[in-house]
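A short worksheet on the structure shown next.
Note on naming: letters A, B, ... go to the chains in the order of the sequence lines (proteins, then strands), and numbering restarts at 1 for each one. Because only heavy atoms are used, hydrogens play no part in the values below, and waters and symmetry mates are left out as well, while side chains stay in.
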There are 2 protein chains.
Amino acid sequence: MMETSTEIDQLFHALSDPTRRAILDRLCSGPMSVSSLAAPFGITLTAVVQHLQILEKCALVRTEKVGRVRTCRIEPTGFDALERWVREHRTIWEKRLDRLGTFLAEEDASK
Amino acid sequence: MMETSTEIDQLFHALSDPTRRAILDRLCSGPMSVSSLAAPFGITLTAVVQHLQILEKCALVRTEKVGRVRTCRIEPTGFDALERWVREHRTIWEKRLDRLGTFLAEEDASK
DNA sequence: AGAATGCTGAAGTTTTCACTTGACTATTTA
DNA sequence: TAAATAGTCAAGTGAAAACTTCAGCATTCT
């Protein structure tokens with residue numbers, strides 16, 4: 001169902017995995033090679049690379065290969081997209097809360 | 001891997017599905033029974049209920065059954081948790097960018 | 001040159017996910 | 001009271017997700 005696999009789908013999906021969020025946290029201390037990035041996680045290098053591909057696809061991470069070393073760094077674009085989504089939806093949310101407020105006020109007045 | 005299935009995992013996972021986000025959008029126009037909520041989606045009632053359970057578990061939706069009708073409404077708690085996560089991580093992100101700035105400045109100075 | 005390092009690619013496994021079917025229960029309505 | 005309505009429950013299906021293993025291939029070090 002839902003044939004439109006949007007950017008935001010991928011973004012939320014990427015962030016829903018604790019290992020992936022841990023990778024981001026780790027990259028916050030600065031750029032890193034894949035293997036030193038992978039070191040503290042108890043999973044294979046391959047698995048970490050797969051996570052990186054997912055993070056890269058939604059612009060949370062950027063990687064660049066020089067020689068045999070691939071360096072990974074945080075890419076803020078994806079995070080910006082998340083912030084945008086949150087900001088847009090907060091206003092909708094607030095509208096709804098206003099409506100609820102009105103409803104409660106009306107109910108109160110009718111007593 | 002990663003035995004700690006935290007709240008934020010569930011939250012991001014819940015929001016990663018387009019149908020689930022559509023359900024939220026729909027509920028923004030006000031509380032609704034399960035069947036009228038489900039009407040525009042081309043999936044079974046059962047499927048919608050399953051989505052609702054996921055949304056309810058991470059406090060994005062609240063439901064209440066009166067008689068044979070279950071009324072669904074938005075519950076802002078989950079959204080608050082998301083905003084908190086974004087806010088916390090924006091500062092980390094910014095720190096990283098500062099560090100990058102420092103790095104670039106240092107590199108510049110050494111020329 | 002030879003060995004170690006850093007990563008890549010393909011294929012397989014297990015678990016989780018989104019969804020369905022169909023049979024059932026409780027509440028309204030006619 | 002019978003029939004329609006609103007939702008529930010248990011079990012099953014197919015595809016995607018999160019890994020793994022293992023065999024390769026450049027690059028760098030000795």
> In whole angstrom, what separates Phe41(A)'s CZ from dC19(D)'s P?
Replying inline: 11 Å
> Expressed in angstrom and rounded to an integer, what is the separation of Arg21(A) atom CZ from dA18(D) atom P?
Replying inline: 12 Å
> Rounded to the nearest Å, what distance is computed from the CD1 atom of residue Ile54(A) to the P atom of nucleotide dA16(D)?
Replying inline: 14 Å
>> Is the shortest side-chain heavy-atom distance between Ile23(B) and Leu37(B) below 4.5 Å?
In response: yes
>> How many whole angstroms separate atom CZ of Phe12(A) from atom P of dA16(D)?
In response: 22 Å
>> Tell me the interatomic distance from Lys65(A), atom NZ, to dT5(C), atom C1', rounded to whole angstroms.
In response: 12 Å
> Do Phe79(A) and Val86(A) belong together in a cluster built from hydrophobic side chains that touch within less than 4.5 Å?
Replying inline: yes
> Within this structure, what is the CD-to-P distance between Gln53(A) and dA18(D), rounded to whole angstrom?
Replying inline: 13 Å
> Can you find a pair of side-chain heavy atoms, one from His13(B) and one from Asp17(A), that are under 4.5 Å apart?
Replying inline: no
> Between atom CG of Leu15(A) and atom NE2 of His89(B), what is the distance when rounded to the nearest 0.5 Å?
Replying inline: 9.0 Å
> Residues two or more places apart in sequence or in another chain: which of them pass side chain to side chain donor-acceptor pair (under 3.5 Å) with Thr63(B)?
Replying inline: Glu56(B), Arg70(B)
> When rounded to the nearest 0.5 angstrom, what is the spacing between CD1 in Ile54(B) and CG in Leu60(B)?
Replying inline: 11.0 Å
> Taking atom SG of Cys72(B) and atom NZ of Lys65(B), what is their separation to the nearest 0.5 Å?
Replying inline: 11.0 Å
I'd like a list of close polar pairs between nucleotides 15-17 of chain C and the protein, N/O only, cut-off under 3.5 Å.
none

What protein N or O atoms touch nucleotides 26-30 of chain C N or O atoms at under 3.5 angstrom, if any, and at what distances?
unit_1, atom_1, unit_2, atom_2, d
dT27(C), O2, Arg68(B), NH1, 2.9
dT28(C), OP1, Arg68(B), N, 3.4

Identify every side-chain donor-acceptor pair in residues 39-51 of chain A under 3.5 Å, counting partners at least two apart or on other chains, and give the distances.
unit_1, atom_1, unit_2, atom_2, d
Thr44(A), OG1, Ala47(A), N, 3.3
His51(A), ND1, Arg20(A), NH1, 3.2

> Picking from dC19(C), dA18(C), dC19(D), which would you name as closest to the side chain of Thr19(A)?
Replying inline: dC19(D)
> Could you state the NE2-C1' distance from His51(A) to dT8(C), rounded to the nearest angstrom?
Replying inline: 17 Å
Show me the protein contacts with nucleotides 20-22 of chain C, counting only N or O atoms at under 3.5 Å.
unit_1, atom_1, unit_2, atom_2, d
dT20(C), OP2, Thr44(B), N, 2.8
dT20(C), OP2, Thr44(B), OG1, 2.6
dT20(C), O4, Gln50(B), NE2, 3.1

> Which residues satisfy the side chain to side chain donor-acceptor pair (under 3.5 Å) test with Thr77(B), sequence neighbours excluded?
Replying inline: Glu75(B)
> What's the CD-P distance between Glu64(B) and dT8(D), to the nearest Å?
Replying inline: 13 Å
>> Could you check whether any side-chain N or O of Arg62(A) sits under 3.5 Å from a backbone N or O of Arg73(A), counting only pairs where one atom can act as donor and the other as acceptor?
In response: no
> Hey, what's the ring geometry for Phe12(A) with Trp85(A), parallel, tilted or perpendicular (30° and 60° as the breaks)?
Replying inline: perpendicular
